[in-house]
Amino acid sequence: MATKTLIQGINDALKTEMQRDDRVLTFGEDVGLNEGVFRATQDLQRMFGEDRSFSTPLTETGIIGMAIGMAINGLKPVPEIQFADFIYPAFDQIVSELAKLRYRSGGEFSAPVVIRTPYGGGIRGGLYHSQSPEAYFTHTPGLKVVIPSTPADAKGLLASAIRGEDPVIYMEPKKLYRSVKGDVPEGDYTVPIGPARTVQSGDDISLFCYGAMVEPCKQAAAIAAERDGIGVEIIDLRTLYPVDEASILDSVKKTGRAVIVYEAPKTCGYGSEIAALIAEQAVDSLEAPIIRVGGFDTPFPYALEKIYVPDAARVYLALKDSFNYS
Amino acid sequence: MATKTLIQGINDALKTEMQRDDRVLTFGEDVGLNEGVFRATQDLQRMFGEDRSFSTPLTETGIIGMAIGMAINGLKPVPEIQFADFIYPAFDQIVSELAKLRYRSGGEFSAPVVIRTPYGGGIRGGLYHSQSPEAYFTHTPGLKVVIPSTPADAKGLLASAIRGEDPVIYMEPKKLYRSVKGDVPEGDYTVPIGPARTVQSGDDISLFCYGAMVEPCKQAAAIAAERDGIGVEIIDLRTLYPVDEASILDSVKKTGRAVIVYEAPKTCGYGSEIAALIAEQAVDSLEAPIIRVGGFDTPFPYALEKIYVPDAARVYLALKDSFNYS
Amino acid sequence: MAKPFNTPAHPVKQPTGDASETDRDNNSLPLYKILDADCKASQIPRSLGADDVKRMYEGMILIRAFDERQTKLQRSGRIGFCLTAFGEEAVQVATTHALRDTDWVYPYYRQHGILLYRGVPLETMTNQLFGNAGDLAKGRQMPVHYTHKDTRYVSFSSVIGTHMAHAVGTAMASRYKKSAEITVTYIGDGGTSSNDFHSAMTLAGIYKPPLVIFIVNNHYAISQPVAKQCAAETLHSKGEGYGVPSIRVDGNDFLAVYQVSRDAYDRARAGEGPTLIELVTYRVGPHSSSDDPSRYRGNESDLWRNDALDPIARTRRFLTHAGLWNEAYEQSVWDQATSSINQAVTAAESSKHDPDWQSMFEDVYADMPPALTRQMTQLLAREEGIVRTDSGEFPL
Amino acid sequence: MAKPFNTPAHPVKQPTGDASETDRDNNSLPLYKILDADCKASQIPRSLGADDVKRMYEGMILIRAFDERQTKLQRSGRIGFCLTAFGEEAVQVATTHALRDTDWVYPYYRQHGILLYRGVPLETMTNQLFGNAGDLAKGRQMPVHYTHKDTRYVSFSSVIGTHMAHAVGTAMASRYKKSAEITVTYIGDGGTSSNDFHSAMTLAGIYKPPLVIFIVNNHYAISQPVAKQCAAETLHSKGEGYGVPSIRVDGNDFLAVYQVSRDAYDRARAGEGPTLIELVTYRVGPHSSSDDPSRYRGNESDLWRNDALDPIARTRRFLTHAGLWNEAYEQSVWDQATSSINQAVTAAESSKHDPDWQSMFEDVYADMPPALTRQMTQLLAREEGIVRTDSGEFPL
Ligand SMILES: Cc1ncc(C[n+]2csc(CCOP(=O)(O)OP(=O)(O)O)c2C)c(N)n1
Ligand SMILES: Cc1ncc(C[n+]2csc(CCOP(=O)(O)OP(=O)(O)O)c2C)c(N)n1
Ligand SMILES: [Mg+2]
Ligand SMILES: [Mg+2]
């Protein structure tokens, strides 16, 4: 066990998996010599050579397309898209090809590509260095979508994704890259894709979140406990598809109240799915409206970023609304 | 008034608006001489010349990008994407550029482009000629999303979209192109973007739908009335963003039960947003779970298309489930 | 063993695009040919024997017979859609003849001839056209969207161009694994405007994997003529801007196509990098069964239905000159083709039913996620007993 | 009125890419130049007078002074990000000098020099850098993402390449409206690999709108050297594959850049279609304030910080030969530049606050939809009184 940042957890997973399996390759813009603009691929080119860790031309569609072709031919590519905001040039490859190859070929071919990409606010990146596009991918059958919020999960989930047989969109909350620290097991370490993580138990309200939203949820829950005596159960979903429905429904059946927090624009965001799931499977347990605390239905702003991204204040207000509803 | 098919309604809108305003242009693959693979642009090149209605090279990103540039310089482009399944190569242009131009420029620039595209099942098109990608666009602030289900709406909503100042994703249920007929007012005719249409009133269940799903909903409601005496209120949403929240909530407050029908994969589909909206704004009225009847969480199949797409049988079963729930 | 011709070998040509003075088309653009106007060849690829050229001829006829049959099946409503390669048979047969069985193929929808030529059982193909339970893709894709792992013919989508980037990756993986396999991929003239033509060419130039890219320039992308697709005089000229050697070839000259492919494959296998080959041909039929070409090109295609241009007719004349052809041979080749196709159609149509409902939920992931299992179980349980009419409605 | 030089006009050159023997770089690739090694010009563009060349020189210095100031502001944490064009000043000034005020500009993020050269008030620019309430874009974009409708400098995203397709559409609209305006657009060497370089070139070739496309080849895309971006020997060679005439130019030779731009603009205005111009320059500074070039190119950039290569130094030597330069002039140009920049920084920083919260909800649509209004009202009502700390947390 060593204390690591989230990005060190990611780097650790890449190193460990590349050491374990020489079919694992990583590439993307500035990934090789420059070791990634966030340094997620630090040491990889030096340790594994230019064949296994390299920089590419500026073509996201080519990066993902090439990765698919490598995977079809037996490799395990882990391409990086420099910012999730720049994944759209590759959207066609992801939605039309990566997600549908196994299905359309009747299982003859598959492409277990793991796409790593930093997402979300927190670095004053404005419209194009801050987006949270997870809902586009959770609406795309054939993809798994994973978002860690702790250094250990960052390592363990990435390792699982790389060892798995399915394509994974692995989204990294860049705000947490260096701001969270935690113990990370050395060497071989996986966290299964699927199960959610209960951050803290509570009886009054279920608070669902993931990625960079886990931190403000923890703060808000602490304040709600302290000031209002509200017992908040925080569930870090970790895997958005296939989501851990049982944990969600069990929690809501216990608490009768649900608040969901996410950074992306509220409408048709991932939180809408969680709300719909609860409204379909646990409606009788509900004692209050299901509240979504999301980004606003606007592009991501620059100067007003702090107002846009849900923070502890907005989560706290939602918890109080939920709690006081009757 | 003349009786027209849905595609004739679309063609009528294009002709009328092009006649009205010479800034209106239409183009896309096979749109000119060939008049569109579905013939939506019939007569346009002949009537308005090659400058105003023309075929383009095979580049969806170029088609939309070029349209944006034309709109910035004062034209009103109405590009066609041949199938909604092929909109992904242009996803970057739509999500990064079209949706965000007005915002990022502080209102200095805008691009009121209307993208027409046939979507949905019904022509045995398999994975890549059947998709319903509306939820990707309703999750993208800056876009309006419109889907007609009658010939008159097809004309009137398209005309409004063309006259409007915002970008619109105008999705055409290709299954209905020639299978529905109805009266369409001649000449100048608009239907406002925003308000939903109540197809029939009813007191027991609210049934929300749009596009090609309106027909099976009508059939299912008729059977439910006949066999089980269930009064179904059918609401054709028509505009998906910005959606007519008042109509949805008023209806659910009256009936206490909601069923939502859409073709796209269920998870994170547009129906999830409607469910979340109800669970947030009208939870106290709910007497039954909110049921989403959607496509399955798989790519769109070929041979089993009829099982995949919600039909009257599945809608009817959902209506009964909802009605019998207590 | 192939019996060699007694003609001098054609010298391996560097695909520079700088064709000699005689290698020019009517517009004096470079166009590499071997067959002369009379369909004689002054020089024949060294590696080809009489058996080889006959095999190629027979392969072209099988494609044509298959396409005629497809068309009839579609017209009579027995299959929902079809797409043919009339006039493009030489492209498929000659590029494939020069390939090894273990090489990877990334086709688009107009290269089913490759499967036929690689000897895939015809029933495998007709099962796909019918989308029945015997289809390797489990009836999931529209007709002509074949997948065939055994021959490394990789499943493709309907989305134009995307597969080209895959081909780059697969070729890079072959090199990474120190395998001798190469990869070939095909793209239409229309497809050269797609995003992934650009990405694949960029990456192929940089990484120089063992890859050969064929542009099948059949003059049309549905209704769009190539002159309105791209303003360059030739499509092979795109190679230079990516640092990829390229050449333009008469795609209806089976010997020229074979020779140039062979050279490019040798270069790829020798680690000398990718080649871009423009094969100039003509789409004689409609784009697909949904298309009516008279709307946009009148009867222009009739010009190509003649012995001077049709690749099968040209090959036949070549064979005749070489003393390898007679009427009886012709008849037997056609008979063999049609009877095996007939058998395959009958088998596909009569003995196979629709795929099971349950199969619709498989292969989305390696293992079915719980929520999807629930969707499936619900469907199977709830709908049992509901009989649907053909239009999808149900009588209760 | 510009005082004309007494030198013969440079003959208008057709941008064929076939440069003469002397127009070659060290690797003997075509490279159009006017300044010789000593920074003398044997032939000066006819349309340029002494005032013109001095204006261009002053424009370059303003850019450099602005970039130096930006860098300092960022280093001291007063702005969040910056991005400079050290060594690329001639590109911006000379391409713009040849432009008319009503022509459209589709830049990417490294062309703020165009705004400076078109005389946009410096405070407009510093307001953008600070993202304050005076910013034309209402503080919505990161620093350097300017929008400026008055000078037809079109707002751009951070997404590489997309704007090129817009430029095609805007130029087509100008022609449609029978306007004499032309459109110019800029793309980096890295950006030539993007989807919309390809789409824009394809469309520009087909529709031949009044458009000029500049590839600013500054040798790097962040850390990726151009040789690993594209395997072609030159980037202008991409033109041929799209049927777009192209030429490769020394981008640090302000006279060459001016001349070639001017010729291309004239062609565009005359209805003769688009031109692709590769401007060979070098990114002397880091990619942006987030970048550390020593990681990937050591101190290579030092080579370019010398009088033989730096565009400002070369222009200064040219002016000196022409008797148009002395120390006092230099000093006054710099003084003028720095003092006006200082004023603009002070104004932006001291008198403007953050944009109103409410402004965050505007301009998503022409009219605010009801649901968004509700989101706004809720926020404004509920959060009034909550004081946030700098880190976004709130003490209650
Ligand atoms: C991305 C995308 N856009 C549009 C289409 C619709 N479409 C199918 S085939 C075709 C023309 C392709 O022409 P070409 O590449 O020349 O191949 P050919 O059919 O001539 O063999 C088009 C536009 C598609 N399948 N994919
Ligand atoms: C689509 C996209 N991918 C990646 C990035 C990240 N990125 C920003 S600048 C840059 C390099 C661009 O290089 P070039 O086009 O040569 O322009 P230069 O910065 O050298 O002027 C990259 C990769 C981006 N902004 N957009
Ligand atoms: Mg073609
Ligand atoms: Mg560059």
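Letters A, B, ... mirror the listed sequences (proteins, then strands); counts begin at 1.
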Using a cut-off of under 4.5 Å on heavy-atom pairs, state which of [options] scores highest against chain D.
| options | result |
| --- | --- |
| B:Arg23, B:Arg52, B:Arg102 | B:Arg102 |
| B:Leu101, B:Ile72, B:Leu25 | B:Ile72 |
| B:Ser105, B:Pro242, B:Gly62, B:Pro141 | B:Ser105 |

Quick one: are [X] and [Y] in side-chain contact, heavy atoms under 4.5 Å?
| X | Y | answer |
| --- | --- | --- |
| D:Val105 | D:Leu99 | yes |
| B:Tyr262 | B:Arg292 | yes |
| B:Tyr270 | B:Tyr136 | no |

When you measure from the side chain of D:Ser155 to the backbone N and O of D:Thr147, does any donor-acceptor pair fall under 3.5 Å? no

[X] versus chain B, heavy atoms under 4.5 Å apart: side chain, backbone, both or neither?
| X | answer |
| --- | --- |
| D:Ser179 | neither |
| D:Glu181 | side chain |
| D:Tyr146 | neither |
| D:Tyr176 | side chain |
| D:Met142 | neither |
| D:Leu203 | side chain |

Under a 4.5 Å heavy-atom cut-off, does chain D meet the side chain of [X], its backbone, both or neither?
| X | value |
| --- | --- |
| B:Thr59 | side chain |
| B:Thr61 | both |
| B:Glu50 | neither |
| B:Asp166 | side chain |
| B:Leu75 | side chain |
| B:Ile64 | neither |
| B:Lys144 | both |
| B:Glu245 | side chain |

Any chance the rings of D:Tyr186 and D:Tyr108 have centres within less than 6.0 Å? no

In this structure, is the centre-to-centre distance between the rings of D:Tyr109 and D:His145 below 6.0 Å? no

Whether the B:Thr41 and B:Glu35 side chains hold a donor-acceptor pair (N or O, under 3.5 Å, no angle test) is what I'd like checked. no

May I ask you to check whether D:His163 and B:Glu97 show a side-chain donor-acceptor distance below 3.5 Å? no

For atom CG of D:Asp367, decide whether the heavy atoms of other residues, nucleotides or ligands shown that lie under 6.0 angstrom number more than 12. no

Out of B:Asp236, B:Ile278, B:Val243, which one pairs with B:Phe208 under the side-chain contact (heavy atoms from CB on, under 4.5 Å) rule? B:Ile278

Using a cut-off of under 4.5 Å on heavy-atom pairs, state which of [options] scores highest against chain B.
| options | result |
| --- | --- |
| D:Thr183, D:Leu136, D:Thr162 | D:Thr162 |
| D:Asp135, D:Asp150, D:Asp196, D:Leu372 | D:Asp196 |
| D:Pro370, D:Ser174, D:Ser359, D:Ala167 | D:Ser174 |

Does the Lys NZ or Arg CZ of D:Arg140 fall within the cation-pi geometry relative to B:Tyr103 - under 6.0 Å from the ring centre and within 45° of the axis? yes

Salt-bridge criterion met for B:Arg46 and B:Asp43 (N-O under 4.0 Å): yes

